[in-house]
Amino acid sequence: MKRLRQLFQRRRLYDDLDEEIAFHLEQRIEELVAAGRSEKEASAAARREFGNVGLVKETAREAWGWRWLEDLVGDVQYGLRALQKNSGFTAAAVLAIALGVGINVGIFSVLNGFALRLLPVPRAAQIVSLSEVLHGHFSRNVHGEGGLFSYPEFLDYREHNHVFSGLIAYDPFVEAALAGPKMQQLLGVLTSCNYFDVLNEHPTEGRGFVDSDCAAPGGNPAVVISDDLWRRTFSADPSLVGKMVILNQISYTVIGIAPPRFTGTDVVPTSFWAPITMQGALDPGPGGDRLADDNLSWLAMLGRVQPGLSLKQVRADLSVIAGRIDQRYPGRITSLAISKATLFGRPAERETLVPIASVVLLAFGLVLLIACANVSNLLLARASVRHKEIALRLSIGASRWRLVRQLLTESLLLSLIGGALGSLLAFWSFASVTRFVTSRLPHEFSPLSLSVDVTPDIRVLAYALTLTLFTGIAFGLIPALKSSRLDLNTALKGDGADPDSGKKSGRFLRNALVGGQIAVCMVLLLAAGLLLRGLHYAQTVDPGFDMKNVAVGFFNLNRQGYDENRATVFVRNLRERVAGLPGVIEVAEAECAPLAHDFSADTFAVPGRTDKFAIEYNHVSPEYFSVVGIPIVRGRGFTQADARDDAAPIIVTESTARRLWPGQDPLGKSLYEGSGRQDAVVGVAKNAQVSHLGDANGSYLYFAAGPRDNLRTHVLVRFAGGYAATAKGIRDAVQSLDPNMPVDVIRLEDYLEVWRTPSRIASALSGALGVLALLLASIGVYGTVSYTVSQSVREIGIRMALGAGRTEVMNLVLRQALRPVLIGGLVGVAGCAAVSSVLSSMLFGLSVHDPIAFVSVPLFLLVVALAATYFPARRAMRVDPMVALRYE
Amino acid sequence: MKKPEQRDLFPGALEMMILRTLKQQPMHGYALAQHIKRTSNDLLQIEEGSLYPALQRLLKEELVRAEWEISSTNRRVRTYRLTAKGGKHLEEEVSRFERMLEGITRVLALGES
């Protein structure tokens, strides 16, 4: 406090000092004059005895330790004045920085909203997310993702921990069909009944769950629905609480409506919450009663830590319980991962996010790098105008470090102004950009905009500030170091021209910066080009089967309470009715629709071979092959008689046949399933990309669909008439058979869209970044060439006076300007080869060395660079030798 | 940054002399300079100016305090006084200086005994 007071009183302290030194000198002079010396002599003697007055004052002031602060204030004032004086330069630099920093802050705020922001619940910092990693020899069943817990494990942790005030377990993604006039598929959560209490998110209408709701399995069909569902589907009916809704054929009482902003604890918003004890009724799947299974991963856990405990203490306490659980499974070792809970925080989710996020951040970072190089170049050019001023300051005794500090202060001021402007723009625009992008995605992704909050928080602000400071130093350091190293003699005598313009080092630095910009720009543009080519390929690819004019309906009859017999009757009736619709050619059934992101796989053994083969398979009806247009090339297709439980007839693809029985006739060969059942090959189908788009040679085989497959089936309809009429016909047929059956009919082609979406987003993103980078880089090239031309006006004048033609001058300028562009371009192409191999592993249809992209993008860049060079170069050509030689 | 201290004074010597002088009586800067010069018989070649940075350091450490007063010749002078803290500091410095001097004297006397 005292230091602070002194700081504000320092003006007085300094005045006191000045006054007393003045008094000292006067007193001495008076004494000397009294002793008989002349006024002049006395004054000189007094000063001699005293020493250097200015230095004494400076040293005395330094005693207070504010020198750095005063220097800083001075530098800032000086810097602001300098920036104000060169408003054109300042505007250009600020704009480049604002662009670079702004888009980076924006994309970070989106990532932050997805993955770093804590859950949107009160006192979210106390909530931790738990997951487990199992090591050693064990076998475990997984429903959902690994790392989740079983119900008995949850009970163990809940009963025996000493660190949580509450522990929640929930199944994050439960699909359910809501019956009624607005029938729809919902995504909800099965949860332990302390959910709303532990999260401290109490329903706005009605109540949350209480312990008795979870007392007995199947005992209490109660449900809390989300505010969004309430408004969208029930028109915010205030009397809904207490009424019944039907989910997967069972009636549930609506007991509460969640708060408006609460969308659950995962990135995909939750529409309803039901007690975990309703699992058997709500989500009857394979495995039956999951509550009793001690060795099944299906529950995510969230705990609220008691105040004052560290994560370390939590980990220690829970590890003891994990150790006890391991004793039930000899050979298994559990390690727990405990972290602050976020929307996208479970390890399985992180694994998908981290590589994508790093590539995205890197790409955005590259644009910032180009902006930095641009501003650096501007600063270098400006330093040549200021070198006289700098030389003057050096010659009157300023240290080089002092000057560097002052120049850096100016750069930091620039970057702070640009960074603040860019961040503000980002905060303002990215919320709407995100909403726009998520609303344009296929409907699987669109609810994301509800849960992702991109408003800036402390983390985003810290990122923006760090980025801004880094930017200021990145573009300011080299120009500052360079311009403070001057040969005073020539600089002070100078004629206004950059003393370095002729020197190799100065030109090299500027060219290196231009080359760097071009290289980075080339990487971004090439990536965009490759992605666009990939997208084009995805849109024109021939998957090996005919996806046009096929409608698909999916039916999960098991979930609707059907047994095998009822399901068989339903499907048979449905097929008959649909087949009778006008314009329908043929109807087929399949367990998995082609390219629907629906995979089944097993390991198969070939008699006489020791290695096992993981092969994807499908259960299909006999008509499948003609409906989707996959020819049987050898043997036969399926018949109705093929659906048998004993030795099953199978049809393999050509590439599977080659892989399993190279050089042999596959017909009649047998294959053992993982369960031990023996299959016999009856036919060979042509290869088709039915499972993974772009993978034509993967192994694949078909079983004949039997009655069991009717419980969960896709009905594929080949039609000759219009799609809308066919889809309506299918819906009507379903309605007439079972009015409560949810039905969703889509075109088979629509599945392709899901495959294309990542490529589409990625190419749009990198295209936009590439254009931005190109803009910045061409400004950079233009600026550098203009500068070089203006600096070499005299040289050009001399050449022209000596008889050089305009074309020769033009060639000279172009040659000089394009050399760094060419070198940078080559470096960029090489860099992109590395990037593209990373991209191709993540996105479908991307060829690593696509010749069209690798030729057209560099050519395009070269044309832009030529244009950016041409205009300033034309100025050089028009130089009048008379004017040029007088040019100062 | 260069310190303008005389090379033949060890660090802290000037401060010690200032404190010792002020212990006798409060003084302004000019008188302080003259007094130290006079008492040391001009043996110590001190630039008078170097007194002021030292005084500022002492002010900052609150070993002395300064007040503007009117002198006998009716001029505004800044008079320095020793604070209680300054007095204690002086004692410690003097005893440390004496121990140091004793040590040096012993080493210098080695060859002569």
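A, B, ... follow the sequence lines: proteins, then strands. Residue 1 opens every chain.
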For Arg28(A), is it the side chain, the backbone, both or neither that has a heavy atom under 4.5 Å from a heavy atom of chain B?
both
What part of Glu58(A) gets closer than 4.5 Å to chain B, counting heavy atoms only: side chain, backbone, both or neither?
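When you check distances to chain B, no heavy atom of Glu58(A) falls under 4.5 Å.
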With no hydrogens and no angle check, just 3.5 Å: does a side-chain donor-acceptor pair link Glu69(B) and Thr79(B)?
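Yes - a donor-acceptor pair under 3.5 Å links their side chains.
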Salt bridge check: are Arg65(B) and Glu67(B) linked by an N-O gap of less than 4.0 Å?
yes
Between Glu102(B) and Arg99(B), does any NZ, NE, NH1 or NH2 come within less than 4.0 Å of an OD or OE carboxylate oxygen?
no
Chain A contact via Ala66(B) - side chain, backbone, both or neither, heavy atoms under 4.5 Å:
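Nothing of Ala66(B), per the 4.5 Å heavy-atom cut-off to chain A.
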Measuring heavy-atom distances to chain A, does Arg75(B) have an atom under 4.5 Å in its side chain, in its backbone, in both, or in neither?
side chain
Leu461(A): partners by side-chain contact (heavy atoms from CB on, under 4.5 Å), with sequence neighbours left out:
Phe427(A)
